[in-house]
Each structure stands twice: as C-alpha cells, then as structure tokens.
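In what follows, a single structure is set out as structure tokens and then discussed.
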Amino acid sequence: MNQRIWHQFYDTGVPTNVAFEDVSIPEALERTTTAYGDGVALIFMNRRMTYRQLKDHVDRFAAALSRLGVGKDTKVAIHLPNLPQTVIAYYATLSLGGQAVLTNPLYVEREIEEQWNDAGCQVAVVGDYLMEQRIRRIRDRLPVQHYVITTIPEYLRFPLSVLAPLKLKRARPPLMATVQWDDRMHSMRKLIADTAPDVPRVTVEPDDVAVLQYTGGTTGVSKGAMLTHRNLSYNVQQMVAWFPTVERGSEIWLSCLPFFHVFGMTVCMNFPVWVGATMVVMPNPRDIAGIIKNIAKHRVTAFPGVPAQFNAINNFPGVEKKDLSSVRVCVSGSAPLPVDVLERFEQATGGKIAEGFGMTETSPVTHCNPLQGLRKPGSIGVPLPDTDARVVSLSDGTSDVAPGAEGELIVRGPQVMKGYWNKPEATQDMIRGGWLYTGDLARLDEQGYAFIAGRKKDMILKGGYNVYPDEVDRVLMAHPAVLEAATIGVPSPGTGEMVKSFIVPAEGQTVTAEQLTEYCRGQLAAYKVPKEFEFRTELPKSAALKILRRQLREQELATRKAGGPEAT
C-alpha cells in the first residue's frame, strides 16, 4: 500500500506493510506447539494445559469430528461460553477445513434456530445445560445430525471437579444438567479419550471460509459474515505487527471476552496462540471481581477488554488495594472509551490502553491507537498496516470529505470478509468497489486519526440538526456521578426527534436531571442537550458488554405507546 499520512505516527518497529505468511490459524497452533510445547497454553480455574496437551486434545477431537462427518466446509456450531473445550472445538473444526459457527450461549430458541438453520449446521458442540434447557425443545427444527455434549467442570482438577458441579447445579438457571442421551449425542470427554490423534489431511486454501460469524443483530437482522482463513490469519499478523513489544512465549493473556464474539475470537484466542502466550480463560466477562483476582494472581500482562469492564474495574470497591501493576498492554474495542475511564485505569495499573475499532465483517480490527506514540483519547486511532480508510460524503458515498468533516467511514484491507452467507444483495451494499462501508459516522483529523461520531442508524435528527449519541454519552460519563449513559432519539412532533439519555449513577452518588441538564449545557450545543433523563440500576448489554441502544429504543416506544411519558 502507498504511504499514507498516518504512517508517520506508527510506533517504532511497526511496518506499514506486513510480510504476511500464509499460515492458517490451526497451523499457527502447530507451530507454537513446536516452539513452546511445554509452555502453558491456558489456565482455567485450577487446570493448566500446556501447548502440547492442547494440541493433542485438538487433534483427537478433530479425528473424532471427522468420523462424525465433519470435513471441508461442514458447518459446526460451537455453543459454549469461554472454556478449554471452546478453544479445542474451534481449532479442531478449522483444522478439518470445517466452518465454525460460534453462537452466544445466552441465545433463546428463536435465535439459535434462525442462525443454525441459516448456516446449515450439521454438527453442534453444546454445553449439557444448554442442550437440556434450550436445544432439546427445538431439535426437530434444526439441521444438526450430531450433538457433542460437554460440561463446564470437565477440564477442572480435584477438588474443583467435585465441588463445581454442586455450585453449578444450584445456579439459577442451572449451569449443569443431567443429559438424556441418544444415538445422535456424543460425550466430548469420551470422544477425546477414545480417539487417536490421527487427523485426516485436508487441503485448506487461504480464501476458504473458516468461520461463519454472525453479526450481533443489535441494529437489525443478524447476518453471517464469511471470514476466510486469510482474513483471520492476516488480521492476527496485523495485530502482532502493531504490538512489537509483545514477547513471544512469555505473555499472560486475560481471555475474558467471549470467544463467540469476533473481538474475543481474534484478540483473546487467536492472537495469544499465535505468540505462544498463556490464556487465562474466563467464562463470564461480567465477573469483575474474578477479572481483578486473575490479573493479580496470574500477573496478567495483556488485557483486551471493553469500556464497560475498564469502567467497572475503576469503580470496584477496594480495587486500590489490589496489585494490578503487571498489566502492560490493553486493547479496548466494541464501544467508545471515555477519556476519564482510560486515565483512571492507566493510573491504577501503570499499563496503557490502545483504543481501537473493528467490525464482525473485518475479522475484526481495522484501526488502533499507537501504544507508545501519539495516542489521541477519544479517537479510534489510525488504520493498521496494509489497511486503508476514508471518510466519504453521506450524499454520494464516494467523494472524500474534508478533514474534520463528518461522513461515513469506509475501509479496505486483507481482513475484510468474503461477503455475507447467502445474502448477495447485502454483500453488494456493504462492499462497493473493494471498500467496506462500515455504517459508522466519523471524521478524520489532519493527521489521519479517526473519530467515531456514532452509527448512521443511531443518529438523532432534531429540528434539522444531527445529534450523535456517542458524543452525548461521552460528555455524560465524564460527570463524576455517572457510571454509565446511553442516549437515544425519541419521536417528537415538533422537532422530529428529541434527545433522551438513560443514566446509571455511580455507586454512592446521587444526581438529578436538573443537575445533568445544567452540566450538559456547559459541554454541548443547546440542541444536543438531552431533554429527558431516565435513571436505572443497569443498562441492557450484549454478550460483549456493548450497550443495546436498539433495545432501549424499543422499550421507550412501547412505554409511550402504552400511555407513558409523551415527547414534547
């Protein structure tokens, strides 16, 4: 790629072009095992697995999946939280040329049915409690021929292997269940134990689809992004190039973001495996006490997270007494990172947060702030090596806007998806002339740093003016009494839409709508100041802890239709 203005701000040692290797994600595991076989690959509570042990289990499971009919392009649903079994199933599927379909274990029956039928999943790797609570009721409406069942405690050592089932069965809803077995159901533990690690040789091309990654559906119908082996491998290599201070074979990686989310898959699983790091695997990204405990106990050095986690850690009671000083490298994505949250976390740990940006359709990372050089708080940074970006006019979608002006962010690079599964029209709308249209409103400054204003679909139209919810939320979250904020547009007869913000107060703090209104008047133009505030104890979030504005908007419209507050 030709020189771009932002290349001058890359950290020392970061190339503008990566010397990409055509090494697939499963081949990376094999290479890491050769180099660091006795190194610890993952820690899950009281269980440690070396890379050699992990590779052996991956090979055994791949051989078992092959006997169940998994081969080139077979769709394999992986319906699990973050567990050693999730890593094993993912790498085993890809090594056979199969396509992994990672789905959220919190999905209800309708969501499972829609995605697995759309993908055509033939095999599913499922937790026992998920099988009994959700899947069994819809089995006759699913294309799955074989179910591989696993339990959360399978990879725990004594005494947790005995104690954990008691706790999991008492959870509400239970996280362990008695399985009603039949001839289409197979124990993952037994398959791995009884199958030799003889993996069939499969020719996998770089442009073959590796993962069918469904979009979050936070703004509409979920679509399956076809991510190829090249997409996944090259995006990891871009990340490795971006962080040259990451030491191969010695980093401790906190893997608490869901692997079934594209950010967690790439940055919390594939990246650490590529560099031979130890993954500290956590099933619950909302377990802030557990995150803090694991950072201190295992001396975590790399922590990919989302703003909600960094914010929660900052506000966790007694966090100042915990030793989090091992953290050196953090990557924040999925949502805008308030400047105050970044500064407080860095003061508490001594580490640095590089805020970035990505999408399901880009494997996911396209932008990131330099870790050592010029970071611009509030910016998503600059494009990664071999990635190009522009901001184009909303009116014609092709002409570049001037620096500082707002338009739609478009990107291109080797991490851009092949397209949407079975949706050629949606693909053509998303990828035009080699550029992927992100749907995000952004501006570029004179140095090429990008600032996201918000999603096009979230933009509020008030009296002829555009209001960007992310901007309002950033202002509100800088208030010391505000823990979280989410802003939406509500239909208003006089102005088209009015601005309403939902507020979660910080613990031990009180704040009124009048105080927030006065505060916003000093920070925002008058038309951007929220007209209504609603105080809540929590905000709806996705599995990746992204605030669901669409759900807030639906709730608000339903309330108003039922005779609730009227917009004026």
Side-chain angles (χ1 to χ4, degrees), residues 14 18 25 28-29 32 41-42 81-82 86-87 90-91 94 100 102 104 210-211 213 216 225 227 231-248 251-283 285 291 294-295 300-310 327-337 345 351-371 380-381 383-385 387 411 413-417 542-546:
V14 177
V18 177
I25 295 299
L29 172 61
T32 294
L42 60 83
N82 286 16
T86 315
V87 180
Y90 175 85
Y91 277 84
L94 267 60
L102 298 106
N104 186 345
V211 171
Q213 187 73 25
L227 303 181
N231 291 153
L232 300 179
S233 172
Y234 280 25
N235 198 220
V236 170
Q237 292 180 62
Q238 289 170 309
M239 293 296 291
V240 171
W242 192 253
F243 295 104
T245 59
V246 167
E247 298 179 8
R248 290 179 180 268
E251 303 286 352
I252 310 296
W253 220 273
L254 188 64
S255 295
C256 62
L257 294 178
F259 294 149
F260 55 79
H261 186 273
V262 68
F263 185 20
M265 178 187 69
T266 291
V267 185
C268 292
M269 180 167 61
N270 292 342
F271 189 170
V273 167
W274 193 284
V275 297
T278 297
M279 294 178 281
V280 180
V281 176
M282 293 187 62
I291 288 174
N294 278 322
I295 290 174
V300 165
T301 60
F303 175 17
V306 295
Q309 291 174 319
F310 296 122
V327 176
R328 293 188 298 106
V329 178
C330 299
V331 184
S332 179
S334 188
L337 177 67
F345 185 85
K352 286 189 175 181
I353 301 178
E355 182 176 4
F357 172 84
M359 305 175 66
T360 300
E361 293 87 348
T362 57
S363 308
V365 190
T366 64
H367 287 68
C368 199
N369 270 275
L371 196 65
I380 59 170
L384 296 184
T387 304
V411 298
Q415 67 272 57
V416 171
M417 68 173 181
S542 70
L545 302 184
K546 180 183 290 188

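Side-chain contact annotation: Gln238 with Thr387, donor-acceptor N/O pair under 3.5 Å present. Between the side chains of Glu251 and Thr301, at least one donor-acceptor pair of N or O atoms lies under 3.5 Å.
With rounding to the nearest 0.5 angstrom, the CG atom of Leu232 is 5.5 Å from the CD1 atom of Ile25. The CD1 atom of Ile380 sits 8.0 Å away from the CD atom of Glu355 when rounded to the nearest 0.5 Å. The distance from the OG1 atom of Thr86 to the CZ atom of Phe259 is 7.0 Å, given to the nearest 0.5 Å. Here Phe271 contributes atom CZ and Thr266 contributes atom OG1; the two are 10.5 Å apart, rounded to the nearest 0.5 Å. A distance of 11.0 Å separates CG of Asn82 from CG of Leu42, quoted to the nearest 0.5 Å.
A donor-acceptor distance shorter than 3.5 angstrom exists from the side chain of Gln415 to the backbone of Val365, with no hydrogens or angles considered.
For Ala210 against Leu94, the heavy-atom pair with the smallest separation is O-CD1, 3.5 Å. The two atoms that bring Lys546 and Ser334 nearest to each other are CE-O, 2.6 Å, heavy atoms only.
Among residue pairs with one or both ends in residues 358-369, none qualify as salt bridge (charged side-chain N to carboxylate O under 4.0 Å, His left out); sequence neighbours excluded.
Results of the side chain to side chain contact (heavy atoms under 4.5 Å, CB included) test with Trp242 over Asn369, Val14, Val18 single out Val14 as the only residue that passes.
Within the 4.5 Å cutoff, side-chain heavy atoms of Trp253 are placed close to those of Val246. At least one side-chain heavy atom of Leu384 sits less than 4.5 Å from a side-chain heavy atom of Cys368. Side-chain contact between Leu257 and Val267 is absent, with no heavy-atom pair separated by less than 4.5 Å.
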